[in-house]
Amino acid sequence: MTAKISYDEVEVGTELPAQTFPVSRATLVQYAGASGDFNPIHWNEKFAKEVGLPDVIAHGMFTMASAIRVVTDWAGDPGAVAEYGVRFTKPVVVPNDETGALIEVSAKVAAKLDDDDRTVRVDLVAISAGQKVLGMSRAVVRLA
């Protein structure tokens, strides 16, 4: 697969389609099984509160992976992401109810990096419960 978006047709400031990702306690259990990360802060409310958290929180890597989906869906190829990094600024708190939490992700092309490599830098913003949960969230994407 290769990226479906053409480097020549992208401008600095291009906004990617925003997405919202629901997170429930069941989602966290499924992610724990897939990742092998069974830290009780991600599933045990009593333990999470004993260590000073407001409630169970989503795995940081789950949050990070959810956010980059905005970029991979836009590019049309997960392999187009050459680099990706974030800082974890706030946890995604996941209440034990029918709603759970939402991760709202927006992104835009912040820079065209290399005409020869056809790479752009995409800056992402991830928000949950009105708080920015990822900082310095940036991806380098190789376009068609």
Side-chain angles (χ1 to χ4, degrees), residues 1-113 118-144:
M1 288 174 71
T2 59
K4 295 179 182 357
I5 302 294
S6 171
Y7 177 84
D8 298 326
E9 295 174 7
V10 171
E11 301 294 330
V12 171
T14 298
E15 293 186 15
L16 284 61
Q19 294 187 52
T20 299
F21 303 99
V23 186
S24 68
R25 295 280 177 96
T27 307
L28 300 182
V29 171
Q30 292 167 342
Y31 183 82
S35 69
D37 181 353
F38 293 100
N39 187 323
I41 64 173
H42 303 303
W43 57 270
N44 184 319
E45 186 173 331
K46 181 179 180 288
F47 183 85
K49 289 181 176 182
E50 284 174 355
V51 299
L53 294 169
D55 207 332
V56 165
I57 63 170
H59 303 73
M61 298 308 274
F62 173 84
T63 303
M64 187 177 175
S66 296
I68 198 65
R69 287 178 54 193
V70 168
V71 177
T72 59
D73 287 355
W74 170 73
D77 177 11
V81 177
E83 296 176 30
Y84 178 45
V86 306
R87 290 204 173 123
F88 300 104
T89 56
K90 299 278 184 189
V92 174
V93 178
V94 183
N96 191 18
D97 60 17
E98 301 79 35
T99 308
L102 295 175
I103 303 171
E104 302 167 77
V105 183
S106 60
K108 69 178 176 179
V109 175
K112 287 185 122 177
L113 301 176
R118 305 178 72 76
T119 54
V120 297
R121 189 186 88 216
V122 176
D123 291 354
L124 298 94
V125 175
I127 295 172
S128 183
Q131 296 190 328
K132 194 172 177 182
V133 295
L134 299 176
M136 298 294 291
S137 184
R138 297 179 172 173
V140 174
V141 185
R142 186 169 288 109
L143 300 178

Do other residues, nucleotides or ligands put more than 12 heavy atoms under 6.0 Å from Lys108 NZ?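 For Lys108, atom NZ is not crowded (no more than 12 foreign heavy atoms under 6.0 Å).
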Show, in sequence, the C-alpha distance, side-chain angles and deciding distance for Val92 and Phe21, and conclude whether the side-chain contact (heavy atoms from CB on, under 4.5 Å) test is met. CA-CA 12 Å; Val92 174; Phe21 303 99; over 6 Å; no
Quick one: [atom1] on [X] to [atom2] on [Y], what's the gap to the nearest 0.5 Å?
{"X": "Lys90", "Y": "Ile127", "atom1": "NZ", "atom2": "CD1", "result": "13.0 Å"}
{"X": "Leu124", "Y": "Ser66", "atom1": "CG", "atom2": "OG", "result": "12.0 Å"}
{"X": "Ile57", "Y": "Ile41", "atom1": "CD1", "atom2": "CD1", "result": "4.0 Å"}
{"X": "His59", "Y": "Asn39", "atom1": "NE2", "atom2": "CG", "result": "7.5 Å"}
{"X": "Ile103", "Y": "Met64", "atom1": "CD1", "atom2": "CE", "result": "13.0 Å"}
{"X": "Asp37", "Y": "Met61", "atom1": "CG", "atom2": "CE", "result": "10.0 Å"}

Please name the pair of heavy atoms, one in [X] and one in [Y], separated by the smallest distance, quoted to 0.1 Å.
{"X": "Lys112", "Y": "Val120", "result": "CG-CG1, 4.1 Å"}
{"X": "Asp123", "Y": "Ala110", "result": "OD2-CB, 3.3 Å"}
{"X": "Pro95", "Y": "Asp55", "result": "CA-OD2, 3.8 Å"}
{"X": "Tyr7", "Y": "Leu113", "result": "OH-N, 4.5 Å"}
{"X": "Leu143", "Y": "Ile5", "result": "CB-O, 3.3 Å"}
{"X": "Thr89", "Y": "Gly135", "result": "CG2-N, 3.5 Å"}

From CA spacing to verdict: side chain to side chain donor-acceptor pair (under 3.5 Å), Ser24, Thr27: CA-CA 5 Å; Ser24 68; Thr27 307; 3.0 Å; yes
Check: Val23 and Phe62 side chains under 4.5 Å, non-hydrogen atoms: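 Of all side-chain heavy-atom pairs linking Val23 with Phe62, at least one is under 4.5 Å.
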Determine whether Phe88 and Val133 make a side-chain contact, defined as any pair of heavy atoms from C-beta on separated by less than 4.5 Å.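 With C-beta onward as the side chain, the pair stays apart.
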Regarding Gln19 and Asp73, do their side chains bring together a donor and an acceptor under 3.5 Å, going by distance alone?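 Yes, side-chain donor-acceptor contact under 3.5 Å.
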Donor-acceptor check, side chain of [X] to backbone of [Y], threshold 3.5 angstrom: yes or no?
{"X": "Trp43", "Y": "Leu28", "value": "no"}
{"X": "Thr119", "Y": "Arg142", "value": "no"}
{"X": "Thr14", "Y": "Val109", "value": "no"}

For Asp8 and Arg118, what are the C-alpha separation, side-chain angles and deciding distance, and is it a salt bridge (charged side-chain N to carboxylate O under 4.0 Å, His left out)? CA-CA 8 Å; Asp8 298 326; Arg118 305 178 72 76; 3.3 Å; yes
Please report the C-alpha distance between Trp74 and Val122 in whole Å, then the side-chain angles of each, then the deciding distance to 0.1 Å, and finally whether the side-chain contact (heavy atoms from CB on, under 4.5 Å) criterion is met. CA-CA 11 Å; Trp74 170 73; Val122 176; 4.3 Å; yes
